[in-house]
Amino acid sequence: MRAEQNRWLPISRKEVQEYGWSALDVILVSGDAYIDHPAFGTAVIGRLLESMGLRVAILPQPNWQDDLRDFQKLGAPRLFFGVTSGCMDSMVNHYTANRRKRSNDAYTPGGQTGFRPDYAVVTYSRILKSLFPDVPVVLGGIEASLRRVTHYDYWSDSLKPSILVDSQADLLAYGMGEGTIRSLVKLLQKGVPFQNLNTIPQSAFLQDMDADIPRNKQWQTIELASHAQCLENKLSFARNFKIIEQESNRMDADRLIQQNGRQRLIINPPWPPMSTAEIDASFDLPYTRLPHPRYAKRGPIPAFEMIKASVNMHRGCFGGCSFCTISAHQGKFIASRSKESILKEIDLITRQDWFRGTISDLGGPSANMYGMQGKDEAMCRSCKAPSCIHPVICHNLDTSHASMLAVYRAVRNHPSVKQAYVSSGLRYDLCLTQSSSTGKIRNQDPSHDEYIAELVRYHVPGRLKVAPEHTDPAVLKLMRKPGFDLFRRFKQRFDELNAKYNLKQQLIPYFISSHPGSHTRAMADLAIQTKDQGFQLEQVQDFTPTPMTVATVIYYSGYHPYTLKAVATAKSRAEKLEQRQFFFWYLRQYRQKIQASLAAAGLSNWIPLLTGSTAKPDDPGAKPKGHQSRKIKGSAQRHGQRSARGKKQAAPNHRGGST
């Protein structure tokens with residue numbers, strides 16, 4: 001059976017007429033196929049607008065290469081067009097880290113490519129402004145959100161201005177857009193002219209340089225280096241990012257302004273973190289939870305198949321990883337759903353015809369941040385730190401896993417659920433004791449080991465995803481990740497619990513090559529240490545610079561935005577491939593290349609440790625730090641072809657989650 005709502009939002013003129021509407025209030029244009037499910041942002045915003053009494057339609061994947069009839073078939077909306085590229089940045093969707101065209105698109109029926117343009121937000125918006133110049137265009141979604149200010153675009157290898165400049169759009173709703181869109185609609189319904197909507201939180205817009213900056217007594221204003229200054233001086237670009245990241249993650253943030261030619265970009269501060277009631281309301285909207293029926297003959301939509309039996313328990317991530325965009329889009333403060341809302345969604349899933357008893361994921365942007373927040377909110381309000389857990393876990397952070405365990409147990413006890421797995425990436429540093437900045441050991445919360453035990457015993461679908469990302473201490477520091485010794489400790493505990501419960505589950509570690517600061521010696525160290533752990537890695541990816549991350553700023557500018565110190569980064573294809581080859585030391589075709597790379601780096605004595613060769617060393621070198629001469633017992637683990645994080649078809653945790 002279908003979920004309780006029995007019809008989708010209209011996507012054609014015929015369906016609009018079936019609703020009995022002669023005109024529309026809002027039209028949402030998306031680069032994704034229309035999937036009416038809370039994991040897909042277009043559906044979320046569409047259902048939100050519907051709940052406000054508006055007549056809303058969706059224009060999914062319109063043809064931008066013909067006479068543009070798709071853009072015109074629904075007419076002009078009364079209030080505005082909403083434009084998004086979908087759940088991913090269109091360039092990440094289209095291209096690999098080596099800028100090669102991808103062969104499939106997980107957000108299109110049958111996984112087919114070619115149904116959205118490069119830089120989809122700009123393309124869609126410019127078409128709409130040419131066809132309907134008097135109708136406002138509002139940008140949203142991850143592509144618009146992460147390109148809201150001067151940003152480096154890896155695919156054109158250039159520094160681009162705010163996406164508002166190139167798109168000609170009127171307003172940008174960054175981050176998770178419910179609050180901004182709700183406020184926007186309420187003001188429009190009160191008769192406020194669109195051009196006067198300039199103090200809505202979590203929005204951005206352009207104004208003429210000679211216009212007055214809108215007044216708001218509650219906001220302080222910070223002026224960033226202009227786009228022209230960023231083009232002229234990479235240090236200016238790097239300095240900008242520190243301010244942008246800090247203000248994106250503050251509870252009481254400042255407004256940002258930046259000159260873009262003859263225009264001024266204004267980025268208003270974000271909304272406060274969503275309350276439990278607010279996030280519940282978003283997930284409880286009447287979704288059909290299915291792709292639109294028009295796609296039935298075109299094949300399944302891979303992203304939907306991946307998440308249809310999963311439940312997202314929270315939004316936000318306080319990890320602050322240097323290569324990740326989650327906090328830039330969803331914020332670092334956790335907004336958690338109530339147990340009742342989660343169980344309500346479980347009920348809906350179990351009543352689907354396709355359900356066979358397995359919940360594929362009880363997770364979120366990170367698997368185990370549900371319910372976590374600051375003990376003293378006043379301290380959080382004054383905090384500018386981009387991460388709550390690096391370099392050490394903040395003493396004000398409540399890391400109890402008790403509320404998460406209560407949800408897990410309730411789901412396990414559901415009469416229609418046979419298994420409930422956790423497939424989202426786990427932050428093992430949140431459930432292991434660590435040293436504080438004073439060198440003292442934090443008190444271990446009793447829920448931590450209880451969580452690990454129950455996770456391993458009941459909720460691992462054969463494989464548990466964790467992300468140490470690297471082994472080199474300097475690279476891990478740049479990544480804002482914990483030391484590799486913590487991964488060793490977690491693996492030891494994981495193996496102990498598997499033995500205790502007579503299980504044969506695998507630990508799946510993810511690693512990144514060519515991250516800023518990484519080099520040949522660091523990658524060889526990674527290969528040797530993971531070999532000693534019994535792994536043959538295949539869950540790996542090459543670093544891809546994406547807008548609005550520390551690592552991307554370093555990649556482009558050469559400087560760390562917080563220290564302004566130079567950081568070396570692999571950029572050429574040859575450098576990237578040289579680093580990546582160390583993941584595959586066990587494959588014959590890489591053996592000679594690895595030996596040559598080690599010899600050139602003066603590390604010939606590492607060759608026997610990695611390839612088993614007895615080639616004569618050119619240089620005595622030194623053993624990798626932390627190297628264990630005796631291999632840990634246990635068979636080598638072969639995993640899937642590529643990391644879910646490295647695949648463009650990875651489904652979002654919620655509306656774009658991590659790119």
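Below, each value reflects all heavy atoms present in this structure, side chains not excepted, and no hydrogens, waters or symmetry copies. Note that the numbering runs from 1 along the sequence shown for the chain.
Cation-pi contact between R480 and Y562: present, with separation from the ring centre below 6.0 Å and deviation from the ring axis of at most 45°. Note that K576 lies outside the cation-pi zone of F543, set by a 6.0 Å cut-off to the ring centre and a 45° limit from the axis. For the pair R99 and Y154, the cation sits on the ring face: its NZ or CZ lies under 6.0 Å from the ring centre, inside 45° of the axis. Taking the ring centre of Y556 as origin, the terminal cationic atom of K234 falls inside the region bounded by 6.0 Å and 45° from the ring axis. Taking the ring axis of F283 as reference, the NZ or CZ atom of R337 stays within 45° of it and closer than 6.0 Å to the ring centre.
We find that K242 and E245 are not joined by a salt bridge, their nearest charged nitrogen and carboxylate oxygen being 4.0 Å or further apart. With respect to D472 and K477, no salt bridge is recorded, no charged nitrogen being found less than 4.0 Å from a carboxylate O. Using a cutoff of 4.0 Å between basic side-chain nitrogens and carboxylate oxygens, R580 and D542 are not scored as salt-bridged. Salt bridge absent: K481 and D429 never bring a charged side-chain N and a carboxylate O closer than 4.0 Å.
Looking at Y152 and D157, their side chains come closer than 4.5 Å, going by heavy atoms from C-beta outward. Here the side chains of I267 and E247 are not in contact, with every heavy-atom distance at 4.5 Å or above. Between L430 and I389, some side-chain heavy-atom pair lies under the 4.5 Å cut-off. Using a 4.5 Å heavy-atom cutoff, the side chains of V138 and L172 are not in contact. Counting heavy atoms from C-beta outward, L164 and L139 have side chains that approach closer than 4.5 Å. Annotation: side chain of F318 is in contact with side chain of I334 (closest heavy-atom distance under 4.5 Å). Residues S557 and R239 form no side-chain contact, since every pair of their non-hydrogen atoms from C-beta on lies 4.5 Å or further apart. Side-chain atoms of H470 and M523, non-hydrogen and from C-beta on, do get closer than 4.5 Å to each other.
Side chain of S162 to backbone of R148: a donor-acceptor contact under 3.5 angstrom is found. Under a 3.5 Å cut-off, the side chain of T552 and the backbone N or O of Y555 do not form any donor-acceptor pair. Q258 places a side-chain N or O within 3.5 Å of a backbone atom of A225 that can act as its donor or acceptor partner. A donor-acceptor pair under 3.5 Å is formed between the side chain of T180 and the backbone N or O of P201. Of the possible donor and acceptor atoms, one in the side chain of S322 sits under 3.5 Å from a partner among the backbone N and O of L478. At distances below 3.5 Å, at least one donor-acceptor pair connects side-chain atoms of S90 with backbone N or O atoms of Y119. Judged purely by atom type and a 3.5 angstrom limit, Q202 uses its side chain to pair as donor or acceptor with the backbone of Y174. Remark: the backbone N or O of S336 is paired with a side-chain donor or acceptor of T276 at under 3.5 angstrom. Within the 3.5 Å criterion, the main-chain N or O of S275 finds a donor-acceptor partner in the side chain of E278. S203 places no side-chain N or O within 3.5 Å of a backbone atom of A173 that could act as its donor or acceptor partner.
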R147 and D166: salt bridge (charged side-chain N to carboxylate O under 4.0 Å, His left out), yes or no, with the steps?
CA-CA 11 Å; R147 294 173 180 265; D166 291 335; over 6 Å; no
Are I452 and L432 close enough, and set up right, to give a side-chain contact (heavy atoms from CB on, under 4.5 Å), and what steps lead you there?
CA-CA 9 Å; I452 298 174; L432 291 175; 4.1 Å; yes
Before giving the answer on salt bridge (charged side-chain N to carboxylate O under 4.0 Å, His left out), spell out for E178 and R315 the whole-Å C-alpha distance, their side-chain angles and the decisive distance to 0.1 Å.
CA-CA 13 Å; E178 291 103 321; R315 291 183 188 171; 2.6 Å; yes
Run T96 and N98 through side-chain hydrogen bond (donor to acceptor under 3.5 Å, both in side chains) and show every step you take.
CA-CA 5 Å; T96 69; N98 287 321; 5.1 Å; no
Does the side-chain hydrogen bond (donor to acceptor under 3.5 Å, both in side chains) test come out yes or no for D153 and S158, once each step is laid out?
CA-CA 5 Å; D153 179 69; S158 65; 4.9 Å; no
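Rounded to the nearest 0.5 Å, atoms CD (Q373) and SG (C388) are 11.5 Å apart. Atom CE of M274 is separated from atom CD1 of I279 by 5.5 Å, given to the nearest 0.5 angstrom. Note that CG of L405 is 11.5 Å distant from OH of Y370, once rounded to the nearest 0.5 Å. Expressed to the nearest 0.5 Å, how far OH of Y421 lies from CD1 of I359 amounts to 11.5 Å. The line from NE2 of H519 to OG of S514 is 12.0 Å long, rounded to the nearest 0.5 Å.
Using modelled atom types and a 3.5 Å distance limit, the side chains of S518 and Q579 yield a donor-acceptor pair. Between the side chains of D398 and S400, no donor-acceptor pair is found at a separation under 3.5 Å. Between the side chains of S424 and D361, at least one donor-acceptor pair of N or O atoms lies under 3.5 Å. Between the side chains of T530 and Q533, no donor N or O sits under 3.5 Å from an acceptor N or O. In summary, the side chains of E143 and T84 do not present any donor paired with an acceptor at a separation below 3.5 Å, with no hydrogens or angles considered.
Ring planes of Y107 and F40: perpendicular class, angle over 60° (limits at 30 and 60°). Using a 30° and 60° split on the angle between ring planes, F487 and F511 fall in the perpendicular class, above 60°. Ring geometry for H448 against H401 counts as perpendicular: the plane angle is over 60°, on a 0 to 90° scale with 30° as the lower cut.
Closest of all the heavy-atom pairs between P273 and F333 is CG-CB, 3.6 Å. In terms of heavy atoms, I142 sits closest to M88 at CG2-C, 3.5 Å. Among all heavy-atom pairs drawn from S30 and G86, the shortest one is OG-CA, 4.1 Å. Summarising the geometry of H515 relative to A551, their closest heavy-atom pair is NE2-CB, 3.6 Å, with the distance given to 0.1 Å. Residues R102 and Y95 share a closest heavy-atom pair of NH2-O, 3.0 Å. L537 and P509 get closest at one heavy-atom pair: CD2-CG, 4.0 Å.
With sequence neighbours excluded, the residues forming a side chain to side chain contact (heavy atoms under 4.5 Å, CB included) with N396 are K375, D376, M379, C380, C394, listed by chain and number. Taking the ring-ring contact (aromatic ring centres under 6.0 Å, His included) definition, one finds that F494 meets it with nothing, sequence neighbours left out.
Every pair tested for salt bridge (Lys or Arg N to Asp or Glu O under 4.0 Å) that includes a residue from residues 546-573 fails, sequence neighbours excluded, so the list is empty.
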